[in-house]
Amino acid sequence: MRTIGLIGGMSWESSALYYRLVNEGVRDRLGGLHSARCVLWSVDFAEVERQQAEGRWADAAKLLAEAARRLVAAGADLVLICTNTMHLVADDVKAAVEVPVLHIGDVTAEAVRRAGLSRVGLLGTAFTMERPFLVERLAAQGVTAVVPGPADRAEVHRVIYEELCLGVIRDESRRRYAEVIARLVAQGCEGIVLGCTEIELLVTEANSPVPVFPTTALHAEAAVRAALA
């Protein structure tokens, strides 16, 4: 079994989900008491959030690249950035190490294509919805991603940072997300990409009239496949 390196802490709520999913994935495949060989480097999200808000992406890239190097030094054979937003600096992280860095956009695009779909709505932080790094990654693999309108983007972003990252799950916010999803479906979206790892704490297939693609679960599944290949 190869060792999975997890760059986490953004937020630790989603990192805890990653940890559970990779261990469940190994258990389900190998049975018995098997669990994943993994190393977690958890950053201080307050520092990263300041860098995001101030547009200091070069500083964030250095921070995550150093985290990746530390994981490899600890024995990681592959690395995951446990957040959609920080894939904005994925190229910098990839350049810092000689082991594979599994891109969350690639595994998501693969899942969408496997489902026979090509047009999806994208929910995530404002950075993920408004900057091109994930939309273009999906488009390069034949998947068109549609983002919500400005007011909906602002509300989706607010719920992530003010509620989900703090472990707060509110039915009112679940209803609001359902309304955003309904508007995306009305625009012809055949599925919904949950493009923020915390959103999976709030939204499931039960909240959507179309298939959802939970990026955390898909990313963790891909890591398990790679670790056991």
Trainee: Who pairs with Ser118 by side chain to side chain contact (heavy atoms under 4.5 Å, CB included), at least two apart in sequence or on another chain?
Mentor: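 So Ser118 forms a side chain to side chain contact (heavy atoms under 4.5 Å, CB included) with Glu190.
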Trainee: Side chain of Asp92, backbone of Ala61: donor and acceptor closer than 3.5 Å?
Mentor: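 No, because the side chain of Asp92 does not come within donor-acceptor range (under 3.5 Å) of the backbone of Ala61.
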Trainee: Scan for ring-ring contact (aromatic ring centres under 6.0 Å, His included) pairs involving residues 177-204, sequence neighbours excluded, and state none if there are none.
Mentor: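 Residue pairs with at least one partner in residues 177-204: there are none.
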Trainee: Does Gly25 offer a backbone N or O that forms a donor-acceptor pair with the side chain of Glu221 under 3.5 Å?
Mentor: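 Checked: no pair found.
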Trainee: Is Glu110 paired with Arg114 through a side-chain N to carboxylate O contact shorter than 4.0 Å?
Mentor: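 Glu110 and Arg114: salt-bridged.
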Trainee: Might you work through the side-chain contact (heavy atoms from CB on, under 4.5 Å) test for Val79 and Val99, ending with a clear yes or no?
Mentor: CA-CA 7 Å; Val79 170; Val99 302; 3.9 Å; yes
Trainee: When you measure from the side chain of Ser208 to the backbone N and O of Glu205, does any donor-acceptor pair fall under 3.5 Å?
Mentor: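 Side chain of Ser208 to backbone of Glu205, a donor-acceptor pair under 3.5 Å: no, none is there.
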Trainee: Identify, with sequence neighbours excluded, every residue that meets side-chain hydrogen bond (donor to acceptor under 3.5 Å, both in side chains) alongside Thr83.
Mentor: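 Thr83: no side-chain hydrogen bond (donor to acceptor under 3.5 Å, both in side chains) contacts found.
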Trainee: What side-chain hydrogen bond (donor to acceptor under 3.5 Å, both in side chains) pairs are there with at least one residue in residues 126-138, not counting sequence neighbours?
Mentor: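 Applying side-chain hydrogen bond (donor to acceptor under 3.5 Å, both in side chains) to every pair that reaches into residues 126-138, excluding sequence neighbours, yields Thr85-Thr128, Asp106-Arg137, Thr125-Thr128, Glu130-Arg153.
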Trainee: Arg37 side chain to Met1 main-chain N or O, any donor-acceptor pair under 3.5 Å?
Mentor: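 It does hold such a pair.
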Trainee: Please answer whether the main-chain N or O of Gln187 pairs with a side-chain N or O of Arg119 as donor and acceptor at a distance below 3.5 Å.
Mentor: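 Pair found, side chain donor or acceptor close to backbone of Gln187.
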Trainee: With sequence neighbours excluded, what pairs up with Arg50 under the salt bridge (Lys or Arg N to Asp or Glu O under 4.0 Å) test?
Mentor: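 With sequence neighbours excluded, Arg50 shows a salt bridge (Lys or Arg N to Asp or Glu O under 4.0 Å) to no residue whatsoever.
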Trainee: Kindly give the heavy-atom pair with the smallest separation between Leu21 and Ala220, and that separation in Å.
Mentor: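 Shortest heavy-atom contact: CB-CB, 3.7 Å.
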Trainee: Among residues two or more places apart or on two chains, list those pairs meeting ring-ring contact (aromatic ring centres under 6.0 Å, His included) that have a residue in residues 57-95.
Mentor: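 Qualifying pairs, neighbours excluded: Trp57-Phe127, His87-His103, His87-His219.
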Trainee: Applying side-chain hydrogen bond (donor to acceptor under 3.5 Å, both in side chains), name anything that partners Asp44, two or more places apart in sequence or on another chain.
Mentor: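 side-chain hydrogen bond (donor to acceptor under 3.5 Å, both in side chains) list for Asp44, sorted by chain: empty.
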Trainee: Do any side-chain atoms of residues 164-173 form donor-acceptor pairs under 3.5 angstrom with protein atoms, and if so which ones, sequence neighbours left out?
Mentor:
residue	atom	partner	partner atom	Å
Arg170	NH1	Glu163	OE2	3.2
Asp171	OD1	Arg174	NH1	2.8
Glu172	OE2	Arg176	NH2	2.7
Ser173	OG	Glu163	OE1	2.6
Ser173	OG	Glu163	OE2	3.3

Trainee: So, the side chain of Asp152 versus the backbone of Gly149: is there a donor-acceptor pair under 3.5 Å, distance only?
Mentor: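 Checking the backbone N and O of Gly149 against the side chain of Asp152, no donor-acceptor pair under 3.5 Å is found.
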Trainee: Taking atom CD of Glu54 as the centre, report whether more than 12 heavy atoms of other residues, nucleotides or ligands fall under 6.0 Å from it.
Mentor: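 Check passes, neighbour count above 12.
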Trainee: In this structure, are over 12 heavy atoms from other groups packed under 6.0 Å from Phe45 atom CZ?
Mentor: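 Buried by this count: over 12 neighbours within 6.0 Å.
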Trainee: The criterion is side-chain hydrogen bond (donor to acceptor under 3.5 Å, both in side chains); which residues satisfy it with Arg113, sequence neighbours excluded?
Mentor: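 Arg113 satisfies side-chain hydrogen bond (donor to acceptor under 3.5 Å, both in side chains) with Gln141 only.
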Trainee: Any side-chain hydrogen bond (donor to acceptor under 3.5 Å, both in side chains) pairs touching residues 21-31, not counting sequence neighbours?
Mentor: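 Of all non-adjacent pairs touching residues 21-31, those that pass side-chain hydrogen bond (donor to acceptor under 3.5 Å, both in side chains) are Arg20-Glu24.
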Trainee: Determine whether Leu134 and Asn84 make a side-chain contact, defined as any pair of heavy atoms from C-beta on separated by less than 4.5 Å.
Mentor: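 Result yes, sub-4.5 Å side-chain heavy-atom pair found.
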Trainee: The criterion is side chain to side chain contact (heavy atoms under 4.5 Å, CB included); which residues satisfy it with Trp41, sequence neighbours excluded?
Mentor: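 Trp41 satisfies side chain to side chain contact (heavy atoms under 4.5 Å, CB included) with Val43, Ala67, Arg70, Leu71 only.
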Trainee: What pairs with Glu200 under side-chain hydrogen bond (donor to acceptor under 3.5 Å, both in side chains), at least two apart in sequence or on another chain?
Mentor: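 side-chain hydrogen bond (donor to acceptor under 3.5 Å, both in side chains) list for Glu200, sorted by chain: Thr216.
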